[in-house]
Protein chains: 2
Amino acid sequence: MNKTVQRTVIFEELHGVKIHPTADEVYAMARKRMPNISIATVYRNLETMATNGDILRLDIAGKRRRYDADLSKHYHLRCRSCGGVSDISQAAISQVTQKLEKLKGVSGIEGYSLEFRGICEHCQNGEVK
Amino acid sequence: MNKTVQRTVIFEELHGVKIHPTADEVYAMARKRMPNISIATVYRNLETMATNGDILRLDIAGKRRRYDADLSKHYHLRCRSCGGVSDISQAAISQVTQKLEKLKGVSGIEGYSLEFRGICEHCQNGEVK
DNA sequence: ATTCTTTTTGATAATGATTACTATTACTAG
DNA sequence: CTAGTAATAGTAATCATTATCAAAAAGAAT
Ligand SMILES: [Mn+2]
Ligand SMILES: [Mn+2]
Ligand SMILES: [Zn+2]
Ligand SMILES: [Zn+2]
């Protein structure tokens, strides 16, 4: 992992925002400091950083991929209208959801999805799919 | 919503399997009964049925979209290795997860994702993004 | 500092899933 | 049956992401 100006700019720009930007949005931010940076460089580095655990990759439900420089454990609220992502702290999550159920009209929260990840029975047994 | 043979075939094929197929997989199944059916027809009808609430659309984490004819409330296990989806009943879910944490080696479950859906503060206030 | 080796970049092409388009065909009400 | 509407087959377009690759930059070794 060599140090490059591009890498630094991408990392810093991602750290400077709270909007959980897409690659395109990071690209737009980076271009202001580095007009010749390539969109491919942005995609490539965001993926590398995410793989290395330096940033979070937010892969959700058919929408564009977003990235998060905040590595602390927390949850996200995705807006059905604008597609944006905002944070929900882990500490607040259970309290919030219980209260939200009772406070109608105060919040737009409409539901949540729970997805388990792992290795299925077939793969555990080495069967071909 | 007219009745068409294609619609019936797609619906029946989806009901006949437990694998939560992708559009491609439904297409492959449907072709056996109707060799000239178009992939576009499969995509179109699966989307329409999902929108109408006749089937479930399983949009998960950057993977291909899958569909489920089982409308009962239940959860899914997605395999990291093959990408397949299998069911977890709602009744079993909390018991299972607690027990799985203690039974190492017996299950491949490695984590889960929780995503909230709703309208964010900005959109609730009618602000442009 | 100079050369060599490896990594990274920028530009662009390719990919792959989904969606859009359109002329033709199938439904369905009357 | 016929007119009017909806759906289909075939294919093109879209769009986010990946892949490719020659040129440039970074790091290591002299
Ligand atoms: Mn976050
Ligand atoms: Mn299911
Ligand atoms: Zn919003
Ligand atoms: Zn599997």
Side-chain angles (χ1 to χ4, degrees), chain A residues 1-14 19-52 54-68 78-80 82-85 129, chain B residues 1-14 19-52 54-68 78 82-85 129:
Chain A
M1 270 287 269
N2 293 343
K3 249 168 233 170
T4 67
V5 195
Q6 290 86 343
R7 204 107 76 188
T8 305
V9 168
I10 291 166
F11 191 72
E12 287 179 356
E13 288 301 318
L14 184 60
I19 63 163
H20 307 81
T22 62
D24 263 357
E25 290 168 339
V26 174
Y27 176 55
M29 299 187 292
R31 288 186 83 178
K32 292 179 182 168
R33 289 172 57 182
M34 195 171 210
N36 291 331
I37 195 171
S38 165
I39 180 73
T41 299
V42 174
Y43 267 103
R44 200 187 314 115
N45 279 290
L46 287 173
E47 282 307 293
T48 304
M49 292 177 197
T51 300
N52 293 351
D54 300 323
I55 64 174
L56 292 180
R57 186 181 5 229
L58 306 183
D59 259 335
I60 322 182
K63 301 286 180 174
R64 306 190 54 181
R65 184 171 296 162
R66 290 173 177 274
Y67 299 90
D68 191 350
R78 175 167 291 251
C79 178
R80 166 167 52 78
C82 70
V85 172
K129 209 220 153 191
Chain B
M1 271 286 270
N2 292 344
K3 250 167 232 168
T4 66
V5 196
Q6 289 87 342
R7 202 109 75 190
T8 305
V9 168
I10 291 167
F11 190 72
E12 287 179 356
E13 289 301 319
L14 184 61
I19 63 163
H20 308 81
T22 62
D24 263 356
E25 289 169 340
V26 174
Y27 176 55
M29 299 187 292
R31 289 185 82 176
K32 292 179 180 167
R33 290 171 58 182
M34 195 170 210
N36 290 331
I37 195 172
S38 166
I39 181 72
T41 300
V42 174
Y43 268 102
R44 199 189 318 112
N45 279 290
L46 288 173
E47 282 306 294
T48 304
M49 292 176 197
T51 300
N52 293 351
D54 300 322
I55 64 174
L56 292 181
R57 184 181 5 227
L58 305 184
D59 260 335
I60 322 182
K63 302 286 181 173
R64 303 192 55 180
R65 184 172 296 163
R66 290 172 178 273
Y67 299 90
D68 191 349
R78 176 167 291 250
C82 70
V85 172
K129 205 212 154 196

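Only heavy atoms go into these numbers, but all of them, side chains included; no hydrogens, no water, no symmetry mates.
Side-chain contact between A:Tyr43 and A:Glu47: absent, with no pair of heavy atoms (C-beta onward) separated by less than 4.5 Å. At least one side-chain heavy atom of A:Thr51 sits less than 4.5 Å from a side-chain heavy atom of A:Arg57. Side-chain contact check for B:Met49 versus B:Ile10: some heavy-atom pair is nearer than 4.5 Å. A 4.5 Å side-chain heavy-atom check between B:Ile39 and B:Asp24 finds at least one atom pair inside the cut-off. Side-chain contact check for A:Asn45 versus A:Phe11: every heavy-atom pair is 4.5 Å or farther apart. Between B:Glu25 and B:His20, every side-chain heavy-atom pair lies at or beyond the 4.5 Å cut-off.
In this structure, A:Ile10 places its CD1 atom 10 Å from C1' of C:dT9, rounding to the nearest Å. Atom CZ in A:Arg65 sits roughly 14 Å away from atom P in C:dA17 (whole-Å rounding). Between A:Arg64 atom CZ and C:dA17 atom C1' the separation is 15 Å, expressed in whole Å. Rounded to a whole Å, the CE atom of B:Met1 is 15 Å from the C1' atom of C:dT28. Spacing between atom CD of B:Glu47 and atom P of C:dT18 amounts to 8 Å, rounded to whole angstrom units. Between the CZ atom of A:Arg44 and the C1' atom of C:dT12 there is a distance of 12 Å, given to the nearest Å.
Here the side chain of A:Gln6 is nearest to one of C:dT9, C:dT18, C:dT8, namely C:dT9.
Across all strands, B:Asp24 comes closer than 4.0 Å to no nucleic acid atom at all (heavy-atom distances). Using a 4.0 Å heavy-atom distance criterion, A:Arg7 is classed as a sugar-phosphate-only contact.
Nearest heavy atom pair, residue B:Met29 against residue B:Pro21, reads CE-CG, 3.9 Å.
Near DNA chain C, meaning a heavy atom under 4.0 Å away, the residues from residues 29-43 of chain B are B:Ala40, B:Tyr43.
Interatomic distance, CZ of B:Arg7 versus CG of B:Asp54, reported as 10.0 Å (0.5 Å rounding).
Read 5' to 3', the first and last nucleotides of DNA chain D with an atom closer than 4.0 Å to a heavy atom of chain B are D:dA6 to D:dT11.
Checked options A:Val42, A:Thr22, A:Leu46; the residue passing with A:Tyr27 is A:Val42 (criterion: side-chain contact (heavy atoms from CB on, under 4.5 Å)).
Each of B:Ala23 and B:Val5 has a nearest nucleotide on DNA chain C; the 5'-most of these lies closest to B:Ala23.
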